[in-house]
Amino acid sequence: MGARSRRSTGNLPAELTSFVGRRQEVGAVKRLLAAARLVTLTGAGGVGKTRLALRVAADVRRAFPDGVWLVELADLGDPRLVPNAVAAALGLRGTSDQAAGLAEYLEDRQLLLVLDNCEHVADECATLAAKLLAGSGGLRVLATSRHTLHVEGEHILHVEPLPVPPDDDDGGPAEAVTLFAERAAAVSPGFELTPGNRAAVSRICRRLEGIPLAIELAAVRVRVLSADQVLERLDDRLGLLTAGPRAARPRRRTLEAAIGWSFELCTPAEQRLWAQASVFPGGFDLDAAEQVCAPAEAGGGSTLDVVTGLVDKSVLSRRNGTFGRHAWYRMLETVREYGGAKLAGGGGEAGVRARQAAYYADLARRYRAEGFGPRQAEWLGRLRRENANLRAVLEHCLADPGRASQALDIAASLWNFWYGGGLVPEGCAHLRRGLELCAGRTLVRARGLYAMAFLAIQTGAPHAELLAELAELAEELADDRLRAGHAECAGMATFFAGDLTGGAALLERALAGYRTAGDALLVFDTLILLAAVRFFLGDPRGAAVAEEALALADRHQAQWSRGYALWAVAIHRWRADAPGAAAELLREAVALRLPDRTLLAFLVEALAWCRSAEGAHDRVARLLGCAASVWRLSGARVGEMSPYQGVDEQCAALARQALGAEAFDAAFAEAAGSGLDEVVRCALGERPPAAPAAEAAPPGGLTRRQREIAELVARGMTNKEIAAALVLSGRTVEGHVENILVKLGLTSRTQVASWLAGRAG
């Protein structure tokens with residue numbers, strides 16, 4: 001095989017405003033990253049750490065074949081979820097041991113992680129960074145924090161404010177002045193530096209001590225004020241709040257004063273919404289603002305008018321592309337913190353939090369009601385964007401035993417979002433805490449038990465006690481839907497344990513109960529499970545069940561669910577000796593490019609079965625390797641259950657016999673290191689994108705890491721010595737060496753040196 005194609009370049013956001021100055025800092029950070037594996041940018045809030053990190057990350061992106069990935073931590077309330085946040089940024093599904101899963105995933109990858117706003121979770125960031133860096137020689141970490149992480153090998157660059165003109169110079173090209181001028185021109189297109197305003201602008205920048213966020217907040221005022229008026233009002237505000245010796249005034253206080261000045265220039269309605277909107281760490285849309293931040297009795301104009309005013313004043317930033325194509329609004333974290341302090345001190349926080357909890361309880365119920373329909377995929381995207389807000393609401397409610405039932409109700413309604421959205425550990429944490437606090441024999445507890453049992457069974461976690469209590473509660477409450485839920489979960493657990501007949505009987509009981517209840521989503525889910533059990537039983541009735549599931553998904557226009565239905569129909573076509581027809585259905589499902597990693601693993605695995613039936617054993621090896629990669633990314637354990645694993649092993653045995661063990665293992669290992677984009681291309685038979693002209697394929701088709709290892713082999717180093725030198729596992733090095741020999745057509749390690757010498761010549 002040729003060199004593996006370049007994976008996704010990452011998830012860095014596009015720059016929405018110009019990047020001003022910082023040339024020396026950018027160069028310094030690049031040099032540090034070239035020499036060190038962990039670089040931390042420190043400095044006060046608002047000084048520009050994040051913007052500097054993003055600019056550097058964008059500049060060095062080409063040096064990281066596996067991408068540059070931003071992990072935003074500012075809205076993370078629970079430090080234990082730091083590994084989950086990193087996994088989510090990388091597009092990985094959660095596992096029971098998220099840190100270990102990340103370490104395994106990153107072991108042989110060359111990428112840059114940008115951990116932004118680490119200060120409130122510094123200990124957890126430090127622990128995770130140390131673990132990941134120890135296990136992956138190709139990983140670099142660029143962190144931003146108000147203080148250092150104290151990790152061995154950490155290199156630190158303190159980010160200072162932008163240079164300002166000296167006191168006796170009102171005409172110099174200082175970067176702070178340039179920033180003010182550019183931001184002012186953005187809101188007032190006619191603005192430019194002139195002899196008449198240059199002195200005032202320079203004094204504004206000096207007064208704000210060159211802090212970028214403070215300068216940007218001041219610059220937006222030229223839309224309605226002259227530079228002299230901005231300076232006059234700014235002097236009044238800062239003089240009041242920063243009285244005393246200049247040396248005793250920390251820059252943080254200057255920033256707070258600047259934000260406070262901006263707050264005072266807002267109307268009362270804008271101030272109120274600014275404070276109330278601080279409860280949305282992930283941002284919000286107009287509907288949320290209307291229901292949470294602006295009760296009818298507040299007055300002060302429409303919510304839209306108030307939001308517009310805050311956007312105009314740069315308190316809120318507007319983003320597009322959200323659920324229903326609604327605009328989405330966010331605050332900078334420092335601005336949100338200021339609003340949060342105002343909310344806490346104003347006496348109205350309890351009411352805002354209560355309205356927010358009610359809003360998300362309703363949102364969860366709407367998702368449960370509408371989530372099996374035309375907007376199914378859109379709902380999944382919305383909830384992923386809302387996850388920081390959901391986390392905040394759930395944590396707030398769970399901190400108050402009197403509100404825990406509401407948290408459990410929300411978490412239970414989102415049971416299949418936690419699974420399909422790759423957030424199983426987080427969902428389980430909320431459900432577990434809710435069940436601990438809600439001991440009453442209620443319907444809410446029963447729904448929580450069902451959700452927790454479903455997730456536990458799918459991920460191989462203990463579930464017997466959950467099922468036992470769910471059965472008891474279903475009878476106490478005489479609830480047929482709960483009885484069906486228990487039968488579904490028990491049937492799934494029995495099936496995965498290898499008792500196919502027993503599992504089928506329980507799932508048939510669940511299906512009858514859900515049909516009676518009229519719950520289309522749970523009817524569909526149970527049809528998929530029943531189709532799978534009957535497939536492994538060799539029961540031809542399973543084909544009809546799968547077709548019914550597909551028809552149900554099509555009738556409800558539920559695209560996410562349709563992917564599972566196509567899989568179910570396809571495996572029965574394969575069983576009926578129609579592997580070509582089955583493969584077409586599977587490729588159709590892969591082409592949906594849904595975000596559910598578990599579904600993709602099922603589809604690729606079944607494609608391997610089809611190719612085995614057609615005798616395309618080289619494709620079987622690669623597809624099974626791809627499936628192994630996606631199962632690892634998904635965090636699900638279903639692929640390890642004996643019914644599925646048995647078919648995989650049969651196909652692998654046939655391919656190994658046809659290709660030879662060495663060729664099979666090499667192809668499998670190469671594919672098992674694939675990223676998601678590569679897996680999809682492999683499944684669809686697409687060619688990898690052409691590499692840029694400046695990046696020709698490496699000699700011999702070796703990846704950069706393989707070339708590095710080949711050079712160490714040529715020096716006579718053993719696998720153990722190479723593993724120690726590159727901070728890799730012995731197993732990883734052994735696999736690379738085998739792949740190198742296969743790619744180069746060599747039979748021994750000693751031939752590698754001759755090959756390299758020939759290339760050098």
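Not measured: the values here are computed from a predicted model.
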Pair Phe284-Trp328, ring-ring contact (aromatic ring centres under 6.0 Å, His included): steps then yes or no: CA-CA 6 Å; Phe284 58 94; Trp328 190 258; 7.4 Å; no
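- Put simply, the side chain of Thr127 gets close to the backbone of Asp123: a donor and an acceptor are under 3.5 Å apart.
- Both the sub-6.0 Å distance and the 45° axial angle are not jointly satisfied by Arg183 relative to the ring of Phe180.
- With salt bridges taken as basic N to acidic carboxylate O contacts below 4.0 Å, none links Asp78 and Arg391.
- Distance alone, capped at 3.5 Å, is enough to place a donor-acceptor pair between the Ser674 side chain and the Ala671 backbone.
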Determine whether Ser136 and Glu107 satisfy the following criterion, side chain to side chain donor-acceptor pair (under 3.5 Å), listing intermediate values before the conclusion. CA-CA 4 Å; Ser136 172; Glu107 181 180 49; over 6 Å; no
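- Side-chain atoms of Glu154 come within 3.5 Å of backbone N or O of His150 as a donor-acceptor pair.
- Of the possible polar contacts, none joining the Asp59 side chain to the Lys30 backbone as a donor-acceptor pair under 3.5 Å is found.
- Panel note: side chain Asn389, backbone Gly282; a donor-acceptor pair is recorded below 3.5 Å.
- Judged by distance alone, the side chain of Arg109 and the main-chain N or O of Gly67 form no donor-acceptor pair under 3.5 Å.
- Proximity of a side-chain donor or acceptor of Thr178 to a complementary backbone N or O of Ala174 within less than 3.5 Å is detected.
- In this structure, the side chain of Arg336 engages the main chain of Ser278 through a donor-acceptor pair within 3.5 Å.
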